[in-house]
Amino acid sequence: MRARHLVPAALLLPFALLLAACGGSSRAEGGGGSGSGTDGKGSLTLNVGDQKGGSEALLRAAGELDDLPYKIKWSTFTSGPPLLEAINAGALDVGAVGNTPPVFAAAAKSKIKVIAGSHSRSDGETILVKKGSPLKRPAQLKGKSIAVAQGSSAHYQLIASLKKAGLTPKDVTLNYLQPADALAAFTRGKVAAWAVWDPYTSQALEQADARVLTTGQGVVNGLSFQVAAPAALDDKKKSAALKDYTDRLRRAQDWVFQHPDTWAEAWAKETGLPDKVALDAVKRSRGTAVAVAVDKAAVASEQRIVDAFAALKLIPRSFDFGAFVDPRFNGDLPPSGTAPRTYGKGH
């Protein structure tokens with residue numbers, strides 16, 4: 001391989017670190033290091049699945065792991081799908097994922113229950129092209145090659161964006177690549193476009209000569225979820241801990257919106273992201289989340305994802321997504337369609 005085709009190491013390193021936020025191995029990281037320790041005290045232990053720079057980092061930065069009346073044992077996963085596999089296997093009690101992994105897990109009849117949700121802006125869900133690309137609108141993707149992580153939120157965003165443009169996946173060539181490989185393919189011009197999410201969007205815009213062809217605004221639901229094991233929900237003490245845990249996450253997200261710079265600095269340190277990229281991602285999408293109820297509208301929105309993937313034979317069957325939801329923690333949370341927060345124009 002000639003040197004001119006190499007992706008700069010400084011660019012690949014943060015992406016490699018951030019693979020813990022998106023895809024790859026199905027193995028939880030073992031002993032030592034961030035994401036594999038235990039917090040809190042008491043006789044009850046909540047086994048929580050996380051992704052690098054995810055719930056643990058968020059709760060710690062917001063001070064929500066202080067005075068924890070139960071233990072949290074953290075296990076770090078590279079993506080939502082293997083995290084949900086661990087929940088199904090009984091190795092985890094709860095974990096955070098995007099809007100699409102639960103669809104694939106439920107299609108496989110996994111033992112999971114969606115128990116909490118958040119609604120974020122979808123500006124970070126993008127289809128990227130090179131700044132010099134002749135492509136100006138999604139309809140021009142016909143016949144082009146597009147990198148996307150299979151089963152990710154970006155996968156559905158791409159399908160929905162193509163449909164809106166009058167296209168189907170058969171009209172393009174899909175290259176199923178995890179973000180680090182997709183970055184390499186995009187940088188070398190091996191693909192014409194890249195469907196991806198923040199913080200990769202922010203990093204590519206800053207460092208990979210990319211521009212946004214289209215975003216997920218008005219196309220995807222912007223939801224992400226806490227998913228629990230039914231056995232944990234059936235345990236009275238663990239159920240109470242799960243309620244407390246989701247409350248702490250809600251408060252932490254409120255804190256993030258009020259302190260975007262402080263969180264971006266902590267997030268950058270945790271993930272290896274450049275400070276500017278982290279702050280851009282926080283203000284574009286990651287800091288805009290508002291905790292919402294997993295209500296009928298959320299179920300209906302997820303059902304559309306189910307039906308879309310089933311129609312394309314990307315999952316073996318359609319099914320009732322509502323059967324995989326437990327709304328017991330909805331309380332007085334606002335409806336799932338509640339508008340995300342915003343940092344104003346340009347974000």
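Index from 1, following the sequence.
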What side-chain donor-acceptor pairs closer than 3.5 Å can you find for residues 100-114, not counting sequence neighbours?
from   : atom 1 : to     : atom 2 : distance (Å)
Ser110 : OG     : Ala105 : O      : 3.0
Lys113 : NZ     : Ala323 : O      : 2.8

Atom CG of Asp67: over 12 foreign heavy atoms under 6.0 Å: no
Counterpart residues, salt bridge (charged side-chain N to carboxylate O under 4.0 Å, His left out), relative to Lys144 (two or more places apart): none
List the steps, then state whether side chain to side chain contact (heavy atoms under 4.5 Å, CB included) holds for Leu65 with Ile72. CA-CA 9 Å; Leu65 292 180; Ile72 292 179; 4.2 Å; yes
Using a strict threshold of under 4.0 Å (side-chain N to carboxylate O), is an ion pair present between Asp247 and Arg251? no
Check the side chains of Ser161 and Gln157 for a donor-acceptor pair under 3.5 angstrom, ignoring hydrogens and angles. yes
With distance as the sole test, does Ser133 use its side chain to make a donor-acceptor pair with the main-chain N or O of Leu135 at under 3.5 Å? yes
Quick check: do Ser120 and Arg341 have side-chain heavy atoms less than 4.5 Å from each other? no
Could you tell me whether Lys269 and Glu265 make a salt bridge, using a distance below 4.0 angstrom between a side-chain N and a carboxylate O? no
With the side chain counted from C-beta on, respond yes when Val294 and Val325 share a heavy-atom pair under 4.5 Å apart, and no when they do not. yes
Under 3.5 Å, is there a donor on one side chain and an acceptor on the other for Arg286 and Ser202? no
Do the side-chain N and O atoms of Asp244 and Tyr70 include a donor-acceptor pair separated by under 3.5 angstrom? yes
Side-chain donor or acceptor of Gln226 paired with backbone N/O of Val97 under 3.5 Å: no
Between Asp235 and Lys237 (salt bridge meaning N to carboxylate O under 4.0 Å), is one present in this structure? no
Short side-chain to backbone donor-acceptor contact, Ser118 and Ala291, under 3.5 Å: no
Taking Asp171 for its side chain and Thr168 for its backbone only, find out whether a donor-acceptor pair lies under 3.5 Å. yes
In the structure I gave you, are the side-chain heavy atoms of Val48 and Tyr245 within less than 4.5 Å of one another anywhere? yes
Going by an N to O cut-off under 4.0 Å, is there a salt bridge joining Arg121 and Asp198? no
Looking at Arg137, I want to see if its CZ is surrounded by more than 12 non-hydrogen atoms of other residues, nucleotides or ligands under 6.0 Å. no
Side chain to side chain contact (heavy atoms under 4.5 Å, CB included) evaluation trace for Val148 with Asn175: CA-CA 6 Å; Val148 64; Asn175 286 260; over 6 Å; no
Strictly by modelled atom types, are Asp254 and Gln258 linked by a side-chain donor-acceptor pair under 3.5 Å? no
In terms of the angle between their ring planes, are Trp194 and Phe186 parallel, tilted or perpendicular, with boundaries placed at 30° and 60°? tilted
Between Ser285 and Glu125, is any pair of side-chain heavy atoms under 4.5 Å apart? no
So, are Lys71 and Asp39 salt-bridged, with charged N and O less than 4.0 Å apart? no
Does some side-chain heavy atom of Leu174 sit less than 4.5 Å from a side-chain heavy atom of Leu158? yes
Evaluate side chain to side chain donor-acceptor pair (under 3.5 Å) for Thr76 paired with Asp50, printing each intermediate quantity in order. CA-CA 5 Å; Thr76 305; Asp50 196 20; 5.5 Å; no
Heavy-atom side-chain proximity of Lys190 to Ser145 below 4.5 angstrom: no
Parallel, tilted or perpendicular: which fits the ring planes of Trp263 and Trp267, with parallel below 30° and perpendicular above 60°? parallel
With a 4.5 Å cut-off on side-chain heavy atoms, are Thr262 and Trp255 touching? yes
Any luck finding a side-chain donor-acceptor pair between Asn99 and Glu302 under 3.5 Å? no
Sub-3.5 Å donor-acceptor pair from the side chain of Glu56 to the main-chain atoms of Ser75, do we have one? no
Looking at CG of Asp209 and OG1 of Thr187, how far apart are the two atoms once the value is rounded to the nearest 0.5 Å? 9.0 Å
